[in-house]
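Okay, so here's the structure we're looking at.
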Amino acid sequence: MSDNYVDLEDIQGFLIRGYNFRHIKYVVLNIKNAHGARAFCAGLLPGSGAPLSITNAEAWPGNNKPEYCLNIGFTYYGLEELITKPRCTEVWGKSYELFNLYKNGAADANNCQQIGDTDASAPVNWWLNSGGWLLDTLPDPKGKDLHIQLTLFAKDPADRDFYYEKLLSMIPMADGEPSLIPAFVKDSDPVAEDPDVIHFGYKDSISQPRLDNVPVMSVSETTLPDDRIPVPAYRFIINGTEPVAPVYNAHGLLKNGTFAAFRLLFQDVKKFNTFLTSDPNTPPDLAAAKMCGRWLNGNPLVVSPHSEDPLPGNDNNNFNYIEPSDHQKGPKADDDLGALCPYAAHIRRSNPRDDSSVKGNDSHNMPLQTHRVLRRATPYGPPYVAGEPDGIQRGLIGLFIGAKLTDQFQFIMSQWIESGGFRNPDTSPNHSGIDPLFGQQIRDMDPNHAEFDYRKSDGTYERMTGLTRFIRTDGSMYLFLPGIKGLEWISKGLIPTT
């Protein structure tokens with residue numbers, strides 16, 4: 001396999017495309033009997049004849065959606081249960097760069113400190129706030145009771161429940177008890193007429209990496225103009241051979257698999273809306289746009305700095321910050337000073353595109369390929385209603401995917417989202433601030449970071465004070481998402497010899 005070809009039959013489907021199913025169930029299983037759990041995994045293999053199977057990346061016949069899609073991931077604790085600790089250690093030893101963060105787990109104290117999972121977002125508080133915890137015991141602080149994660153996609157809530165019951169029916173019994181039991185379950189449904197809108201009101205799922213030389217899955221995807229720098233597929237799909245070898249080493253079990261951070265993120269809409277209306281000099285829609293880098297409808301500020309009027313062809317993803325791209329609409333001046341899109345804005349922090357003054361983004365465009373994640377995350381909980389009682393749970397849940405978590409998810413969170421020294425040179429008065437939507441840790445440690453500054457057209461800055469946590473981590477796991485052959489090895493409790 002080379003970087004211009006991927007084995008669609010052996011790759012889980014959501015690594016290549018989003019399915020656009022709007023009703024999703026996120027399931028976390030606890031293993032009670034390893035033998036039965038392996039049999040369950042064997043039943044999930046495509047072609048097994050079982051009621052449900054894992055969806056691979058092959059094109060759908062006639063471009064017609066199936067009735068459901070299903071994908072699977074394993075925590076390190078789950079992998080130890082299924083293939084034994086010695087075999088896990090062997091895989092870790094041959095895949096250290098890829099496996100080490102995954103092995104330590106999302107609840108590792110050092111990692112949590114780096115990415116802002118502290119205080120209210122610390123692991124000791126995970127899984128209980130949002131509802132959905134089903135075990136009789138309290139969650140283990142290190143996540144030892146979380147083993148297998150399944151994502152079930154369906155066309156409507158009734159289908160979702162129907163296929164979930166079928167999934168549970170596939171669990172073998174052992175000594176009169178189920179071999180696996182649900183530990184945590186959470187449904188995801190649209191919160192607005194536009195199914196891509198999240199609880200804060202922004203249109204989401206816009207800027208996804210474009211995988212280089214990967215077959216396009218549907219006709220509609222070929223009609224969209226797209227001049228983003230393509231990302232080699234091996235950043236998201238491990239193949240273990242050239243040209244991957246110079247980047248990382250991988251045990252054969254990892255071939256055609258990848259890794260993901262599973263995140264359960266509570267969004268405090270009331271607190272967010274209060275902040276948007278806190279500055280008399282900043283209209284709420286402008287405050288929301290400056291904090292995100294996009295207007296609520298998805299238009300980027302560097303393309304449409306003064307209004308959220310629809311762009312021609314809804315072309316809201318083809319733009320750069322420094323050198324305007326060929327397809328870029330609107331102003332052709334660069335935004336090196338952050339006059340249009342602040343340095344601290346969420347989309348600039350999570351994907352600085354061509355801004356080579358950002359730390360870690362200055363090496364011949366390679367970091368534009370390296371520090372990217374595939375996002376497969378959707379909203380949970382009911383839409384916000386002004387005046388509602390406190391305590392209603394809502395937010396974002398799903399997977400942030402990359403072959404090397406340290407260079408992808410962890411780097412973005414620790415170096416760009418949480419860091420106050422995002423850019424050099426930095427002309428902003430608060431040294432880039434931190435991401436006003438997701439940045440957590442520094443704000444808690446230093447009250448001087450409890451403000452959001454943005455540059456106005458006259459070159460002065462507007463300072464909005466009272467910035468606080470709007471997003472709380474309520475659960476997290478690091479997952480290995482195997483290829484189909486990798487899942488087969490796991491279902492046998494074995495690993496390949498190379």
TODO: Applying ring pair (Phe, Tyr, Trp, His ring centres under 6.0 Å), run through Phe153 and Tyr19 and close with a yes or a no.
DONE: CA-CA 8 Å; Phe153 303 82; Tyr19 299 136; 4.8 Å; yes
TODO: Heavy atoms only: give me the nearest Gly360-Trp416 pair and the separation to one decimal.
DONE: O-CZ2, 4.3 Å
Task: Between Asn111 and Gln410, a side-chain donor and acceptor under 3.5 Å - done: yes
Task: Steps toward side-chain contact (heavy atoms from CB on, under 4.5 Å) verdict (Thr258, Leu374) - done: CA-CA 11 Å; Thr258 192; Leu374 290 171; over 6 Å; no
Open item on the list: Just checking Lys65: does its NZ atom have more than 12 heavy atoms from other residues, nucleotides or ligands closer to it than 6.0 angstrom?
Closed with: yes
Open item on the list: Would you say that Ile495 contacts Trp489 through its side chain, given a criterion of any heavy-atom pair below 4.5 Å between the two side chains?
Closed with: no
Task: side-chain contact (heavy atoms from CB on, under 4.5 Å) between Phe480 and Ser95, intermediate numbers included - done: CA-CA 12 Å; Phe480 169 52; Ser95 317; over 6 Å; no
Open item on the list: Please evaluate residues Tyr321 and Phe319 with respect to the criterion ring pair (Phe, Tyr, Trp, His ring centres under 6.0 Å), reporting the C-alpha separation (whole Å), side-chain torsions for both, the decisive distance (0.1 Å), and the verdict.
Closed with: CA-CA 7 Å; Tyr321 293 111; Phe319 66 91; 5.6 Å; yes
- [ ] May I ask you to decide whether Asp474 forms a salt bridge with Arg472, counting only side-chain N to carboxylate O separations under 4.0 Å?
- [x] yes
Open item on the list: Applying salt bridge (charged side-chain N to carboxylate O under 4.0 Å, His left out), can you list everything that pairs with Glu488, at least two apart in sequence or on another chain?
Closed with: Lys492
Task: Short side-chain donor-acceptor distance under 3.5 Å, Asp108 and Tyr478 - done: no
Open item on the list: Please check: side-chain N/O of Glu165 versus main-chain N/O of Asp161, any donor-acceptor pairing under 3.5 Å?
Closed with: no
- [ ] With side-chain contact (heavy atoms from CB on, under 4.5 Å) as the test, would you mind laying out the steps for Trp126 and Leu264 before giving the verdict?
- [x] CA-CA 9 Å; Trp126 288 355; Leu264 176 67; over 6 Å; no
TODO: Verify, without hydrogens or angle tests, whether Ser188 (side chain) and Ile24 (backbone) share a donor-acceptor contact under 3.5 angstrom.
DONE: no
Task: Test: Arg294 cationic atom under 6.0 Å from Tyr202 six-membered ring centre, within 45° of axis - done: no
Task: Arg22: which of Thr378, Asp189, Asp196 passes side chain to side chain donor-acceptor pair (under 3.5 Å) - done: Asp196
Open item on the list: Between Asp117 and Arg263 (salt bridge meaning N to carboxylate O under 4.0 Å), is one present in this structure?
Closed with: yes
- [ ] For Phe184, check ring-ring contact (aromatic ring centres under 6.0 Å, His included) against everything at least two apart and list the hits.
- [x] Trp127
